[in-house]
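First comes the structure, then the notes that go with it.
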Amino acid sequence: MMATQSVSIDNYQEGQQMQVVTQTNSEAEQRFSEGNTAGGGSSPSSAESQKPMDADKGSIYRHPLFPLLALLFEKCEQSTQGSECITSASFDVDIENFVRNQEKEGKAFFSEDPELDNLVSFLFLSVLVS
């Protein structure tokens, strides 16, 4: 059984979470393409279509709310893998701390792209409802 660890917003400074997620996604994409070529089929995405997808992923990772989303997702993961019960009050504290930090540093909560903001909002709902 895995040991549970304390998670804080400090673990998700800009750039750090992007590196971890990018490495994980690259490994999954590599396995996916290896599986497609082994079966004789062609990959559904070409190098040209990968560039816009990478740009979209980068936009999500740079979104002002991404560090909070990553923190909440990790807490959900930890609660399903360990015996420690994480309460909703714990999520409230994390959200309050994040908001205070953003306001203190004068950072925005939303991007200039409303479509991206809607996507990140949907991701938040998906994490909080599950």
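- Ser79 and Ile86 get closest at one heavy-atom pair: CB-CD1, 3.9 Å.
- Atom CG of Leu71 and atom CZ of Phe66 lie 11.0 Å apart (nearest 0.5 Å).
- Of all heavy-atom pairs between Leu116 and Ser111, the closest is CD2-OG, 3.7 Å.
- A salt bridge does not link Lys51 with Asp54: none of the charged nitrogens is closer than 4.0 Å to a carboxylate oxygen.
- Connection of Val93 to Phe98 is not established within any shared hydrophobic cluster, with ILVMFWY side chains joined at heavy-atom distances below 4.5 Å, either directly or through further cluster members.
- In this view, Ile95 and Leu68, Leu72, Val99 satisfy the side-chain contact (heavy atoms from CB on, under 4.5 Å) rule, not counting sequence neighbours.
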- Message: Checking Asp113 against Asp117 for the side chain to side chain contact (heavy atoms under 4.5 Å, CB included) test, could you report, in this order, the C-alpha distance in whole Å, the side-chain angles of both residues, the deciding distance, and whether it holds?
- Response: CA-CA 6 Å; Asp113 182 356; Asp117 291 338; 5.9 Å; no
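- Not counting sequence neighbours, the partners of Glu96 by the salt bridge (charged side-chain N to carboxylate O under 4.0 Å, His left out) test are Arg100.
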- Task: Any chance you could lay out the side chain to side chain contact (heavy atoms under 4.5 Å, CB included) test for Phe91 and Cys76, step after step, and finish with the verdict?
- Result: CA-CA 10 Å; Phe91 286 90; Cys76 287; 3.9 Å; yes
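- The shortest heavy-atom contact between Ala108 and Pro64 is O-CB, 3.1 Å.
- Taking CG from Asp56 and OH from Tyr61, the interatomic distance works out to 11.0 Å, rounded to the nearest 0.5 Å.
- The two residues Phe109 and Leu65 have their closest heavy-atom pair at O-CG, 3.2 Å.
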